Amino acid sequence: SQQGEEDPQALSIQEGENATMNCSYKTSINNLQWYRQNSGRGLVHLILIRSNEREKHSGRLRVTLDTSKKSSSLLITASRAADTASYFCATEPTDSWGKLQFGAGTQVVVTP
Amino acid sequence: DAGVIQSPRHEVTEMGQEVTLRCKPISGHNSLFWYRQTMMRGLELLIYFNNNVPIDDSGMPEDRFSAKMPNASFSTLKIQPSEPRDSAVYFCASRLGTGLSNTIYFGEGSWLTVV
């Protein structure tokens with residue numbers, strides 16, 4: 001089974017609204033990373049949060065990590081049509097360096 | 001800076017044929033990963049190299065799959081013979097160092113269809 005599980009599977013919002021998606025995982029991790037994938041394209045790295053960090057910001061992105069609950073959230077503020085993509089969380093377990101484990105992703109559609 | 005470069009971007013081949021996917025990691029990166037993405041199984045790690053040495057190939061599905069990294073700037077993933085169930089997107093990724101905060105960068109993928 002996949003390590004990271006995103007929730008919801010799909011999200012449809014209007015431009016200007018915030019989009020929040022969650023990721024849960026099962027084992028101890030070194031870090032958790034969020035990636036974006038546009039249709040037919042590769043994965044673009046968005047943000048990495050280490051296991052000893054609780055929150056991180058990058059532009060309109062805000063990521064939180066709660067290691068006690070083994071969960072993370074990605075918030076995109078003031079969404080734009082260009083944010084339409086699939087978003088994946090990936091965890092790097094402490095006992096498996098380099099073996100990023102991906103969730104199934106959240107498909108986000110932002111309508112103008 | 002050039003990112004991870006993969007070729008071919010798209011390939012359609014007949015069952016039984018040999019398929020070779022190529023990857024050039026980001027210059028200076030010493031770890032290289034091959035992932036496969038399908039609708040059914042999502043993203044799966046097939047194999048990864050550190051300093052050109054295969055470290056973990058437990059994700060390679062069958063003996064039909066093989067990967068090499070003859071030098072720091074080139075890797076291949078070969079499928080011989082190919083089967084329709086191998087149809088997927090194959091991503092190569094690279095990373096600098098072994099630090100816990102080091103990002104893994106992905107290429108644009110090789111979209112393989114086996115008919």
Side-chain angles (χ1 to χ4, degrees), chain A residues 1-7 9-10 23-54 56 58 61 63 65 67 85-107, chain B residues 1-7 9-10 21 23 25-26 29-51 53-60 88-113:
Chain A
S1 63
Q2 294 186 15
Q3 163 81 318
E5 296 291 339
E6 288 93 341
D7 168 55
Q9 290 187 332
C23 170
S24 60
Y25 58 92
K26 297 173 183 174
T27 64
S28 296
I29 61 172
N30 289 323
N31 62 65
L32 185 145
Q33 304 182 39
W34 284 92
Y35 287 83
R36 183 187 73 221
Q37 185 178 32
N38 290 76
S39 181
R41 303 297 301 274
L43 288 103
V44 175
H45 183 263
L46 296 177
I47 199 164
L48 179 151
I49 186 165
R50 287 180 289 186
S51 60
N52 62 352
E53 297 177 312
R54 292 296 167 258
K56 211 162 180 181
S58 176
L61 304 180
V63 168
L65 178 64
T67 53
S86 292
Y87 292 82
F88 295 88
C89 72
T91 52
E92 184 168 6
T94 53
D95 62 353
S96 302
W97 181 89
K99 297 183 75 170
L100 277 186
Q101 297 184 358
F102 284 84
T106 294
Q107 190 169 358
Chain B
D1 280 344
V4 176
I5 299 172
Q6 293 186 244
S7 65
R9 285 295 317 278
H10 298 271
L21 308 178
C23 175
I26 294 173
H29 282 194
N30 58 349
S31 294
L32 183 140
F33 308 82
W34 283 100
Y35 282 84
R36 178 173 68 176
Q37 185 179 35
T38 61
M39 288 293 291
M40 292 296 294
R41 300 175 67 89
L43 279 150
E44 304 172 281
L45 176 66
L46 301 178
I47 185 172
Y48 77 91
F49 296 84
N50 194 41
N51 294 323
V53 176
I55 302 300
D56 188 334
D57 65 355
S58 59
M60 296 285 263
V89 185
Y90 291 82
F91 287 105
C92 178
S94 71
R95 181 187 215 178
L96 172 65
T98 58
L100 300 181
S101 295
N102 290 351
T103 299
I104 296 178
Y105 295 92
F106 283 76
E108 287 290 310
S110 291
W111 301 71
L112 174 65
T113 302

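Quick caveat: nothing in here was measured; it's all calculated off a predicted structure. Side chains are part of it too, since the values below use all heavy atoms of this structure and drop only hydrogens, waters and symmetry mates. Below, chain A is the first sequence line, B the second, and so on; all start at residue 1.
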Task: Minimum-distance pair of heavy atoms, taken over all atoms of A88(B) and R36(B) - done: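 Scanning both residues, the minimum pair turns out to be CB-CG, 3.6 Å.
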
- [ ] Check each of L32(B), N30(B), D56(B) against N50(B) using the side-chain contact (heavy atoms from CB on, under 4.5 Å) test, and report the only one that passes.
- [x]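 In the set L32(B), N30(B), D56(B), the residue that makes a side-chain contact (heavy atoms from CB on, under 4.5 Å) with N50(B) is N30(B).
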
Open item on the list: Taking the six-membered ring for Trp, are F33(B) and Y48(B) closer than 6.0 Å centroid to centroid?
Closed with: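 Yes, the ring of F33(B) comes within the 6.0 Å limit of the ring of Y48(B), centre to centre.
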
Task: Contacting moiety of Q37(B), where chain A heavy atoms sit under 4.5 Å - done: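 For Q37(B), the side chain is the part near chain A, not the backbone.
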
TODO: Pick one of side chain, backbone, both or neither for S110(B), based on which atoms fall under 4.5 Å of a heavy atom in chain A.
DONE: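 Neither part.
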
Task: Contact leader toward chain A among I104(B), V4(B), L45(B), where contacts are heavy-atom pairs under 4.5 Å - done: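 Of the candidates given, the most pairs with chain A belong to I104(B).
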
TODO: Using non-hydrogen atoms and a 4.5 Å limit, figure out which bit of L100(A) sits close to chain B: side chain, backbone, both or neither.
DONE: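 Answer is both: backbone and side chain atoms of L100(A) are under 4.5 Å from chain B.
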
- [ ] Can you label the angle between the H29(B) ring and the Y105(B) ring as parallel, tilted or perpendicular, going by 30° and 60°?
- [x]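 Judged by the thresholds at 30° and 60°, the geometry between H29(B) and Y105(B) is tilted.
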
